[in-house]
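Following: one structure in structure tokens, then a few remarks.
Remember, it's a predicted structure, so these values are computed and weren't measured experimentally. Just so it is clear, the values below take in all heavy atoms, side chains as well, and ignore hydrogens, waters and symmetry mates.
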Number of protein chains: 2
Amino acid sequence: MGVTTAEIDIPTDEAPAALSISAVAELTGVSAHALRYYERIGLLSVKRDHAGRRLYAPQDVQRVVFITRLRHTDMPIRDIQRYFTLVQAGPATESERLELLVRHRESVQAQLANLHTALEAIDFKIAVYGGSDRSCL
Amino acid sequence: MGVTTAEIDIPTDEAPAALSISAVAELTGVSAHALRYYERIGLLSVKRDHAGRRLYAPQDVQRVVFITRLRHTDMPIRDIQRYFTLVQAGPATESERLELLVRHRESVQAQLANLHTALEAIDFKIAVYGGSDRSCL
DNA sequence: CTAGAGCTTAGAGTGCACTCTAAGTCAAGA
DNA sequence: TCTTGACTTAGAGTGCACTCTAAGCTCTAG
């Protein structure tokens, strides 16, 4: 719901809408606690309003989504930190970023292979119903 | 190496060969520490030799392999415990085991979907080279 | 003016799955 | 006989990624 939440139409020409931490939490499924944690460890750098509250710009939200995707592939927080440190550092680091991504892609492909193997084992157990010890694969 | 380690040829007609903890560790890639841990929490029940050392029968090794597959799919240790508790309890629990496996299969399929989504995002970043903030997906 | 919701911070606590330590036993080789 | 090395145990420690707590600030509604 509420993609238009917290939208400000008239007052500023400030681009497309800044979201509160709770809005981002709801939108992305990442808890507010985790969002603050991500910021603390340098994955994110979010502007504040006059009262010191976080205002998430669309690109911040996109970054959260991308972090979530990487976490779903079990990329360690360390590596995600390293990646965004490189992004911060500018275009000179592009080849290193690329290398990092390519290496991670291999890990994802390995995970996919693992999952397929495991799925076969589970399917086999299901097929033999109940899975006695004998039929381990 | 040493598949023949600790093999006893003549004395007993005890089936096909029992492996030491280190042999199983090497064979399966699960550390000896982890193997003891698995036993402690009830995932495994392994016989001892006269000196109290673990002797892994082939079906024990197969169970370790199956546990590893389940762990690769992020099944929580709790659920694996539950599964093997049901196996222990005999054929009356087959339908519950089946249900558990079917539910887990769904989770594996969800993981596969997640991985594919993430892989696409990574591939996209790689395609646009270096992955500037703009191109988050 | 006041109450309450929702935010802020630093820092402590949690749960998972190992992983390691310490102290001891045992069998085989020099 | 002595040493070496692999094993045993109970229990403590580790690393990761959050997750929560406590104390305090600020905006809005009543």
Practice prompt. For B:Met75 and for A:Arg48, find the nucleotide of DNA chain C with the closest heavy atom, then tell me which residue's nucleotide is more 5'.
Written response: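 By nearest-heavy-atom nucleotide position, the 5'-most residue is A:Arg48.
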Worksheet item: Taking the nucleotide of DNA chain C with the closest heavy atom to each, which residue, A:Ile21 or B:Ser31, is nearer the 5' end?
Response: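 Its nucleotide being nearer the 5' end, the pick is A:Ile21.
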Practice prompt. Tell me, please, the opening and closing nucleotides of DNA chain D, 5' to 3', among those with an atom under 4.0 angstrom from a non-hydrogen atom of chain B.
Written response: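 Endpoints of the contacted stretch of DNA chain D: D:dC7 to D:dG11.
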Discussion item. Can you tell me how far apart CG (A:Leu98) and CG (A:Leu86) are? Round to the nearest 0.5 Å.
Written reply: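 The CG atom of A:Leu98 sits 11.5 Å away from the CG atom of A:Leu86.
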Worksheet item: Are any side-chain N or O atoms of A:Gln81 and backbone N or O atoms of A:Ile41, one a donor and one an acceptor, separated by less than 3.5 Å?
Response: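 Yes: the side chain of A:Gln81 pairs with the backbone of A:Ile41.
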Worksheet item: Between B:Arg36 and B:Arg40, which has a closest nucleotide on DNA chain D that is more 5'?
Response: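 The 5'-side residue here is B:Arg36.
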Discussion item. Reading DNA chain D from 5' onward, which residue's closest nucleotide shows up sooner: B:Ser22 or A:Asp74?
Written reply: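 Taking each residue's closest nucleotide, the earlier one in sequence belongs to B:Ser22.
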Send over the distance from [X] [atom1] to [N] [atom2], rounded to a whole Å.
{"X": "A:Tyr56", "N": "C:dT8", "atom1": "OH", "atom2": "C1'", "answer": "12 Å"}
{"X": "A:Tyr37", "N": "C:dT8", "atom1": "OH", "atom2": "P", "answer": "18 Å"}
{"X": "B:His50", "N": "C:dA27", "atom1": "NE2", "atom2": "C1'", "answer": "8 Å"}
{"X": "B:Asp49", "N": "C:dA28", "atom1": "CG", "atom2": "P", "answer": "11 Å"}
{"X": "B:Arg54", "N": "C:dT25", "atom1": "CZ", "atom2": "C1'", "answer": "14 Å"}

Discussion item. Is the phosphate of C:dG6 approached by A:Arg53 (side-chain N or O, under 4.0 Å from OP1 or OP2)?
Written reply: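 Checking A:Arg53 against C:dG6: no side-chain N or O falls below 4.0 Å of OP1 or OP2.
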Discussion item. Salt bridge or not between B:Glu96 and B:Arg82? Use side-chain N to carboxylate O under 4.0 Å.
Written reply: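 Yes.
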Worksheet item: Between A:Val65, A:Ile77, A:Ile80, which is the residue that forms a side-chain contact (heavy atoms from CB on, under 4.5 Å) with A:Leu70?
Response: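 With A:Leu70 as partner, side-chain contact (heavy atoms from CB on, under 4.5 Å) holds for just one option, A:Ile80.
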Worksheet item: Between B:Tyr83 and B:Leu101, is any pair of side-chain heavy atoms under 4.5 Å apart?
Response: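 Yes. Closest side-chain heavy atoms under 4.5 Å.
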Discussion item. Does any part of the side chain of B:Thr117, heavy atoms only, come nearer than 4.5 Å to the side chain of A:Arg69, both counted from C-beta?
Written reply: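 Yes. Closest side-chain heavy atoms under 4.5 Å.
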